[in-house]
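Input: a single structure, listed below in C-alpha cells.
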Amino acid sequence: MLEELNPFAIAQKQLDQAAEIMGLDSATHELLRWPLRELHVTLPVRMDDGSTNVYHGYRVQYNDARGPAKGGIRYHPNETVDTVRALAAWMTWKTAVADLPLGGGKGGIICNPKEMSEGEKERLSRAYIRQVGRILGPDLDIPAPDVATNAQVMSWMLDEYEAIKGYHCPGVITGKPLPLGGSAGRGPATGIGTVVTIREALKRLDINASTTTAAIQGFGNVAQSAAIGYIDMLGGQVVCVSCWDHKDRASYTYTKKGGIDPHFLVTITDAYGTIDKEAAMDAGYEVLDGDAWIGLEADVLIPAAIENVVTGETVKRIHPKVKVLAEAANGPTTPEADEYLRGHDIYVIPDFLCNAGGVTVSYFEQVQNAYGYYWEEETVHERMDKKMTAAFHGVHETAQKHNVHNRMGAYIVAVARVAEACKLRGWV
Ligand code: GLU
C-alpha cells in the first residue's frame, strides 16, 4: 500500500499533529501512536463444496485506558492489519470524543462476503469467535457491525461466544437484533448521528437546513439512514447516492431531478447496498459514473462508504457550492485532500465525530444489557441526539479556541481525554 494512502500512517500523522499543538509529552505521544495489543488469527472454514478455505483475520485493541475496547468487525477483501489498526485508533478517539466510558478496538477478516453463501459466512463468523473470543467480553472488548457485517453476523458471533462460555452474555457484542438483546434504534444510529452533526454545523454556519441539498456516497446501512434522516429530520433534499455494483464490478451514482427517494431505493437494494440498476432506471433515475457524486452540485457532501475516497485528485472535482463535508465513513479523506478543503473554506465534520452515533447507541445497548431493561426507540434517539450535539459543539469550540480546523479540534478533545486516563492509571 502506498504510504500516503496507508490508513495507519495517516492516523499516526494526524495524532502527531495534534500532539504537537497540544504539547503532549513524548511518552504519552509514543504510547498513543501504537495499539496496546493485537491478535492475528488464521481461520480454516469448510466451504459448501466440501473444500476448505483458510482466511486471515485480526482484532486490534488500540487503547483501553478509558474502558473496554470497542469497535466493529469488517469483512473486506482488501483488509490489512494496518487498516484495522487505523480503524482501532479512530475508535479510541471516537469513544473519547463522544465521552463514552470505552476504549477503542477493531476487527477484520480478509474475505469477499459477496462471494460467500450464508452458511459459509456463518462458519467464518463462528471460526473467528473461536479464536478471538478469548480476548472478548463485556468488560474487555466488545465488537459490533461494520463494513459487510450486520445483525445476523452479530447473532452467530454471540451464539458461538455463549456456547463456549456456557452462559448468556449479551453485552459481549452490540448491533444485535432486538430478540437477542439489541437496542431499539441501533440500526440507523450512525446515519442519524451524522445528520445530527450536519444539523448543528448548518446552525453554526447560519444556513437554513431545509433549503439545502446533499450528495451521498454509498448506499449501505449508514448511507441509507443518513439519506432518510437528511430528508425526514432536516427537510433537505438528497441529490444522489452511489453504490458498488457487485454484478457489474463497477460503481454507479444514482441521481434524480427533484431529489432521490431513499425509501424507494431501499426497496430495490440488496443486503450489500447494491441498487438494482434496471429497476432504478425504470423509476426515472439517471445512472452516472461511480465517482460522479463528488462533483454534483450540493451544499453538503456525505462520503458514507469506505476510506480514501476524497483524495488529492478527487477533491478538486468538488462543486464550488459545497459548504460542508460530513465524514460518515471512517477515514474517507486523505491528508492531501484535507489541506485542499481547508484552503477552500469547506467545513469538515471529521469522521470520528460525525459517525459516533453508532457507537453511542452501542454503548446504550450495553447499558440496557447490563441491567436487562430496554428503552423505547424515542428515548434512545433523544439520548443519542444529546450526546452527539454536545460532542459536536465541544469540538467546534475547541477548534475555534486553538485556531485549528475541526479534525484537529476533535483530536485535541479526544487525545486529552485518553491521555488523562493513561496518566491517572500511572501508565505515563
Ligand atoms: N462500526 C461502527 C463504527 O465504526 C460502530 C462501532 C461500535 O458500535 O462499536 O463506529
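As a basis for the values below, the full set of heavy atoms in this structure was taken, side chains included, without hydrogen atoms, waters or symmetry mates. Indexing begins at 1, ligand by ligand and atom by atom, following the structure's order.
Checking only distances, R186 does come within under 3.5 Å of ligand 1, N or O to N or O.
By the neighbour-count criterion of 12 heavy atoms within 6.0 Å, atom CD of E397 is densely surrounded, having more than that number from other residues, nucleotides or ligands. The number of heavy atoms from other shown groups lying within 6.0 Å of OH (Y371) is above 12.
When hydrogens are left out, the protein atom nearest atom 9 (O) of ligand 1 is K70 NZ, 2.7 Å; that is the closest non-hydrogen contact. Protein heavy atom nearest atom 10 (O) of ligand 1, with residue, atom name and distance: K94 NZ, 2.6 Å. Atom 7 (C) of ligand 1 has its closest protein heavy atom at A144 CB, 3.3 Å. Of the protein's non-hydrogen atoms, the one nearest atom 1 (N) of ligand 1 is D146 OD2, 2.7 Å. Counting only heavy atoms of the protein, atom 8 (O) of ligand 1 lies nearest to S362 OG, 2.5 Å.
Contacts with ligand 1 closer than 4.0 Å are made by backbone heavy atoms (N, CA, C, O) of P145 only, the side chain lying farther away. Of the heavy atoms in L87, none comes closer than 4.0 Å to ligand 1.
Between D82 and R85, at least one side-chain N (NZ, or NE/NH1/NH2) sits under 4.0 Å from a carboxylate O, which counts as a salt bridge. R249 has a carboxylate O that lies under 4.0 Å from a charged side-chain N of E115, or vice versa, which qualifies the two as a salt bridge. We find that K121 and E118 are joined by a salt bridge, their nearest charged nitrogen and carboxylate oxygen being less than 4.0 Å apart.
The shortest distance between side-chain heavy atoms of L32 and V415 falls below 4.5 Å. Looking at heavy atoms from C-beta onward, I73 lies in side-chain contact with R59 at the 4.5 angstrom threshold.
Within the listing of ligand 1, atoms 9 (O) sit less than 4.0 angstrom from a heavy atom of G71. Per-residue contacts place N330 under 4.0 angstrom from the following atoms of ligand 1 (heavy atoms of the residue considered): 4 (O).
Side-chain contact, D338 with H405: no donor N or O sits under 3.5 Å from an acceptor N or O.
Remark: distances from the non-hydrogen atoms of K106 to ligand 1 include one below 4.0 Å.
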